[in-house]
Structures are given as structure tokens and as C-alpha cells.
Amino acid sequence: MQEKLYTTPCGDIHYWVNNSPNPERITLVFLPGLTADHRLFNKQIAYFEGKYNLLVWDAPGHGASWPFRLTFSLMDKAQWLDEILCAEDLYHPVIVGQSMGGYVGQAYAELFPYKLKGFVAIDSAPLQRKYVTGIELWFLKRMEPVYRHYPWKSLLKTGSKGVATSAYGQALMREMMMTYDGDQERYARLAGHGFRILAQAMEADLPYKIPCPALLICGEKDHAGSCIRYNKAWHKNTGIPLAWIKNAGHNSNTDAPDEVNALILKLIEGL
């Protein structure tokens, strides 16, 4: 995978693409969750490399995509993603978004419904306003002080063990969180901003329809927020297939990579 830069008015986005991608082939676009980075999809990159075009990024403000002005919206992220795809001559995206990455994928579907070829949400949730309560939106917009005042060592422990059940998944999340070690202020600002733009996108009350073949994946032990409840409702209301991953947490692609990879492959082969 080759690291590249895309310059925006707010800063540079670092992303990785495989060498010599074929514009005619499907492109798997891996979008990590809030405060995670491209390493979240190491097991997926290793499995799919050589089979399809691949693109993964450190989302704006995350990992190597720093410094970055946190003045952007969720729609800005989706717009920048499309500009990166166009710059790389990649025109058949299948977005695989984990948690916040799944929300970016839905924003992309809203802006570019005819471009998206497939969508996989991993431990994410629907972006439509009807799924969330007023009190949930209220809390989403006020999370920054929580992360600023939470003892860092405790946050590091709960942040890693709370999202994964496997030793690999927990160690990887801890490694990604250590990017912000010594700069809890940055971590708090990044998380707070992410939750705020999520709330704002929900309050916009747009359709956020998925116009392509899609799959919902959720760990049976996903205790991050109300992901399990959201996914049950999402599946019931839309009919999008929902795959439950046994003994997996919020980062189910790190807890059960083989199973998740097989599910992604099945969706792609059916396109």
C-alpha cells in the first residue's frame, strides 16, 4: 500500500492505496471509526490486497492526518472522500465503514447515490433522525468535557477493552489510542468534534437512503452506545441484511476478521 496526501482547506488527509489500481475494478474503501486510524483494517487489507482496489485513510484529524482544523462537517468528510477517489481514478467504491466510518458512508450515499456500488456498516448505526432520541442528541453534543476530564490511564483501559473482546483487537485499539498519549486535549477535542458533527448530521433530517446492495455487521457483545438496538431497528425498517458476529465487540472486524472478511467478500461477489 502506498501512502499519499490530499490537501483540504483544513489540513492534509493521509490515505493509502494499493499500487497500480485498475479503474475498472471495484474499490474497497475502508473508513475507520472515531479516534481509530487506518490500522483498524490491517486484517482486511492483508486479506483483500491483490484481489481488489483498496483505499483506507486516517480520517481528518486522526492519526497522521494532523494537524487539522476541526471546523468541518460530516458532509465535508464525504465530499473530500469523493475528491480523493476521483484523484485516484477510482469510480466503483464499496464503502466499508466501522462505527463513525459507517456514518461517513451514509453521508457519501446522500451526496453521491449513483456512485456507490456497495455499503457495509460494521458496528455502526443509521444516520436518520428518527432512530435517536432528543436526549441522545443532547449528550452527543456535550461529550468533549467528558473525555477531557476522564483520567487518561482509565480512558486508555476502558477505550481499548470496551471496544474489543479479543487480545488482538484490544492491543490494536490501545496502540491506536497511544497516538494521543501525552495530548489528551487533542483526543478530547477530536472525539467531541466527531460526536457533534454526527449529531448535526442527524438533526439535518436528510433521507440518508442506501441506494445499493448493503450489509449490516454487528458484534453480539458490542456495548458501545446502543449499537445493538440501532442495528435491530435499522434491519427491521429497511430489510438490509444483518449479520451478528458471535463473541465480538464494537470492533468486530478485529475480533473476528476471518468471518467479517468472508461476509464482505460475499457481498462483493454478488454485485
Side-chain angles (χ1 to χ4, degrees), residues 1-3 15-19 21 25-59 62-64 93-105 117-125 159-179 213-225 227-228 230-231 235 240-271:
M1 298 287 282
Q2 183 179 2
E3 183 175 359
Y15 65 96
W16 290 256
V17 291
N18 52 326
N19 295 321
R25 299 178 73 183
I26 282 172
T27 299
L28 283 172
V29 181
F30 293 105
L31 305 179
L34 190 61
T35 74
D37 58 45
H38 69 281
R39 291 172 288 180
L40 183 76
F41 289 108
N42 280 348
K43 297 286 188 181
Q44 284 66 52
I45 297 296
Y47 179 79
F48 287 106
E49 194 165 13
K51 300 181 178 75
Y52 301 97
N53 300 328
L54 304 179
L55 186 147
V56 62
W57 73 3
D58 279 359
H62 292 64
V94 174
I95 288 180
V96 182
Q98 190 273 338
S99 196
M100 179 61 79
Y103 292 121
V104 178
K117 301 302 179 185
F119 174 69
V120 180
I122 300 176
D123 301 293
S124 189
S160 55
K161 293 191 174 182
V163 298
T165 58
S166 66
Y168 168 76
Q170 291 176 2
L172 179 63
M173 191 65 209
R174 180 183 176 86
E175 184 181 337
M176 290 187 291
M177 288 183 70
M178 285 300 289
T179 301
L215 174 65
L216 311 178
I217 296 174
C218 189
E220 288 187 347
K221 295 185 178 180
D222 184 343
H223 301 304
C227 261
I228 289 177
Y230 289 140
N231 274 274
H235 165 67
I240 298 174
L242 170 57
W244 294 103
I245 309 300
K246 286 187 176 182
N247 300 316
H250 188 60
N251 296 1
S252 60
N253 63 298
T254 67
D255 287 337
D258 293 342
E259 188 174 351
V260 170
N261 292 346
L263 288 166
I264 296 170
L265 181 62
K266 185 178 179 180
L267 177 84
I268 299 170
E269 290 180 337
L271 296 179

Gln44 and Asn253 side chains, donor-acceptor separation under 3.5 Å: yes
CA sep, side-chain torsions, deciding dist, call: Thr179, Arg39, side chain to side chain contact (heavy atoms under 4.5 Å, CB included): CA-CA 12 Å; Thr179 301; Arg39 291 172 288 180; 3.3 Å; yes
Partners passing side-chain hydrogen bond (donor to acceptor under 3.5 Å, both in side chains) against Ser252 (at least two apart in sequence or in another chain): Asp123
Test item: Asn231 and Asp222 side chains (from C-beta on) under 4.5 Å apart, heavy atoms: no
Glu3: side-chain hydrogen bond (donor to acceptor under 3.5 Å, both in side chains) partners, not counting sequence neighbours: His14
Least distance between heavy atoms, Ile228 atom then Cys218 atom: CG1-SG, 4.1 Å
Residue from Asn251, Asp255, Thr254 passing side chain to side chain donor-acceptor pair (under 3.5 Å) with Ser166: Asp255
For Leu31 against Gly105, the heavy-atom pair lying closest together: CD1-N, 4.2 Å
Donor-acceptor side-chain pairing of Asn247 and Glu220 below 3.5 angstrom: no
Donor-acceptor under 3.5 Å (Gln2 side chain, Asn19 main chain): no
Where Gly97 and Ser124 come nearest, the two heavy atoms and their spacing: O-CB, 4.4 Å
Trp16 and His38 aromatic ring geometry - parallel, tilted or perpendicular at 30°/60° bounds: parallel
Asp58 (side chain) donor-acceptor with Ala64 (main chain) under 3.5 angstrom: yes
Closest non-hydrogen atom pair between Leu263 and Ala243, with its separation: CD1-CB, 3.7 Å
Nearest atoms (heavy-atom pairs only) where Ile245 meets Glu259: CD1-OE2, 3.6 Å
Nearest-0.5 Å distance, CZ of residue Phe48 to CG of residue Leu54: 8.5 Å
Test side chain to side chain contact (heavy atoms under 4.5 Å, CB included) applied to Leu267 and Phe119, step by step: CA-CA 9 Å; Leu267 177 84; Phe119 174 69; over 6 Å; no
Arg174 atom CZ, neighbour heavy-atom count above 12 within 6.0 Å: no
Working for side chain to side chain contact (heavy atoms under 4.5 Å, CB included), residues Leu265 and Tyr47: CA-CA 10 Å; Leu265 181 62; Tyr47 179 79; 3.4 Å; yes
Set of salt bridge (charged side-chain N to carboxylate O under 4.0 Å, His left out) partners for Glu49, sequence neighbours left out: none
Pair Ile122-Val96, side chain to side chain contact (heavy atoms under 4.5 Å, CB included): steps then yes or no: CA-CA 7 Å; Ile122 300 176; Val96 182; 3.6 Å; yes
